[in-house]
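All values below come from the heavy atoms of this structure, side chains included, with hydrogens, waters and symmetry mates left out. Both counts, for ligands and for their atoms, begin at 1 and track the order of listing.
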Amino acid sequence: AVTLRDLPAVKLHPMWQGPLVVPGGDRQSPIDIVVRKSVFDSELKPLVTDYDPQTCQQIWNNGYSFLVEYDDTTDKSTLKGGPLQDKFRLCQFHFHWGESNAWGSEHTVDRRLFPAELHLVHWNSDKYSLFEEAVMEDNGLAVIGVFLKVGRRHEGLQKLVDALPAIRHKGSVVEFTRFDPACLLPTNTEDYWTYHGSLTTPPLTESVTWIVMKQHIEVSHDQLAVFRSLLFTSAEEEVQKSMVNNFRVQQPLCGRSVRSSFT
Ligand SMILES: O=C1NC(=O)[C@@H](c2ccccc2)S1
Ligand SMILES: [Zn+2]
């Protein structure tokens, strides 16, 4: 097993106290996607998302990112198709970003960094009955990754951006309803890369089928600046730390192949 301290490249994030033993550690995420080494697989289907905005419940600051959480007690907001054999339930989405627009994403494409990355987290509701169960199983989770670039203002994102000042501090939560996460997907959901990996934060379990979209979405500089106005720290702490660079360093591919749904 690999412990995080063995990996010099890992800057132990404040939330990652002490060495962490990663199960096996040979299918960790994120990775660099080397386009010319990805393997086209004609069996890969387009993604089929069916999200019900009514299942959107709250938005909160967990001290590492901000999460928009969905009611996942029924199959109302689901993902299927793509590389997946089963139906997966949306439980939350969140982002990772940098202190500058020069970096912030977790995955890279031919070493290219993006200023931020959206993760839509789903769990296998055909096989498991809870996220907490699925997170321990190797076909338990499916995460859609979408790269963000700075450009035009994203109208659909603005409702979320407007809610952030209310959750500046770690542990704050506000009600957040009727948000359709489909508005954050790129127009092209046919072209993606997929590989087997892990959570990118503790418990780092190797239970994720990653689906990284080829097409990015655009958000404005000002919208991204509001992400950076969030804090890692709670209201009680004397020293406030701005929530930036909440991404994990890239992990060894360990012989894995990345498949592409496009040529
Ligand atoms: O895609 C990922 N991003 C994260 O922050 C990781 C995570 C960890 C626990 C729950 C949901 C997601 S896995
Ligand atoms: Zn994430």
Side-chain angles (χ1 to χ4, degrees), residues 4 10-17 20 22-23 25 27-33 47 49 57-72 77 79 82-84 88-98 103-108 113-125 128 130-148 160 167 170-171 173 181 184-185 192-213 216-217 219 224 227 230 232 243-251 258:
L4 283 181
V10 175
K11 179 166 68 72
L12 272 184
H13 186 275
M15 84 179 252
W16 298 0
Q17 307 313 325
L20 207 93
V22 174
R27 50 168 283 196
Q28 289 290 294
S29 293
I31 60 167
D32 175 46
I33 295 168
L47 295 186
T49 57
Q57 290 181 321
Q58 60 193 20
I59 186 169
W60 70 292
N61 177 332
N62 73 347
Y64 186 62
S65 182
F66 63 89
L67 311 183
V68 176
E69 295 194 313
Y70 285 75
D71 166 23
D72 62 355
S77 289
L79 165 67
L84 307 170
F88 288 70
R89 242 178 237 176
L90 175 70
C91 59
Q92 52 105 325
F93 71 80
H94 62 272
F95 298 80
H96 301 264
W97 60 91
W103 64 82
S105 61
E106 297 213 301
H107 290 89
T108 51
L113 289 154
F114 291 83
E117 184 173 333
L118 160 65
H119 287 158
L120 294 136
V121 182
H122 311 75
W123 55 272
N124 188 330
S125 57
Y128 311 106
L130 283 174
F131 170 82
E132 288 72 18
E133 239 183 278
V135 78
M136 305 310 288
E137 305 298 330
D138 69 0
N139 63 351
L141 302 183
V143 182
I144 298 176
V146 181
F147 294 117
L148 275 64
L160 184 155
I167 57 162
K170 175 180 179 181
V173 54
L184 298 176
L185 293 173
Y192 56 83
W193 294 283
T194 183
Y195 75 99
H196 293 294
S198 73
L199 296 180
T200 62
T201 62
L204 299 172
T205 41
E206 300 182 331
S207 54
V208 181
T209 297
W210 276 97
I211 301 166
V212 180
M213 305 315 291
H216 61 267
I217 59 170
V219 303
L224 211 43
F227 284 23
L230 293 174
F232 281 132
M243 184 181 276
V244 291
N245 302 329
N246 56 356
F247 54 84
R248 189 191 192 192
V249 293
Q250 312 219 308
Q251 303 299 307
V258 176

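Residue contacts with ligand 1 for F93 are absent, since no atom lies close enough (heavy atoms, distance under 4.0 Å).
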>> Determine whether F114 and W97 satisfy the following criterion, ring-ring contact (aromatic ring centres under 6.0 Å, His included), listing intermediate values before the conclusion.
In response: CA-CA 8 Å; F114 291 83; W97 60 91; over 10 Å; no

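The closest approach between any non-hydrogen atom of F247 and ligand 1 is not below 4.0 Å. Residue contacts with ligand 1 do not include Y64, since none of its heavy atoms lies under 4.0 Å from the ligand.
Closest to atom 3 (N) of ligand 1, if we only count protein heavy atoms, is H94 NE2, 3.0 Å. Protein heavy atom nearest atom 11 (C) of ligand 1, with residue, atom name and distance: Q92 NE2, 3.1 Å.
Between H119 and W210, the distance separating the two ring centers is shorter than 6.0 angstrom.
Judged purely by distance below 3.5 Å, without hydrogens or angles, the side chains of Y195 and T209 never pair a donor atom with an acceptor atom. For the residue pair Q28 and R248, a side-chain donor N or O sits within less than 3.5 Å of a side-chain acceptor on the partner. In this model, a donor atom of one side chain and an acceptor atom of the other lie less than 3.5 Å apart for E106 and T200.
Of all the listed residues (L67, V121, T200), T200 holds the heavy atom that lies closest to atom 13 (S) of ligand 1. The residue from V143, L204, T201 that puts a heavy atom closest to atom 6 (C) of ligand 1 is T201.
One distance of note links CG of L160 with CD1 of I59; it measures 4.0 Å at 0.5 Å rounding. Note that CZ of F93 is 11.0 Å distant from OG of S77, once rounded to the nearest 0.5 Å.
Of all atoms in ligand 1, numbered sequentially from 1 with element shown, those under 4.0 Å from a heavy atom of F131 are 10 (C). Close approach of ligand 1 to W210 is summarised as follows: ligand atoms under 4.0 Å from at least one heavy atom of the residue are 1 (O).
Sorting the N, O or S atoms of H119 by how far they are from the Zn ion (ligand 2) puts ND1 first.
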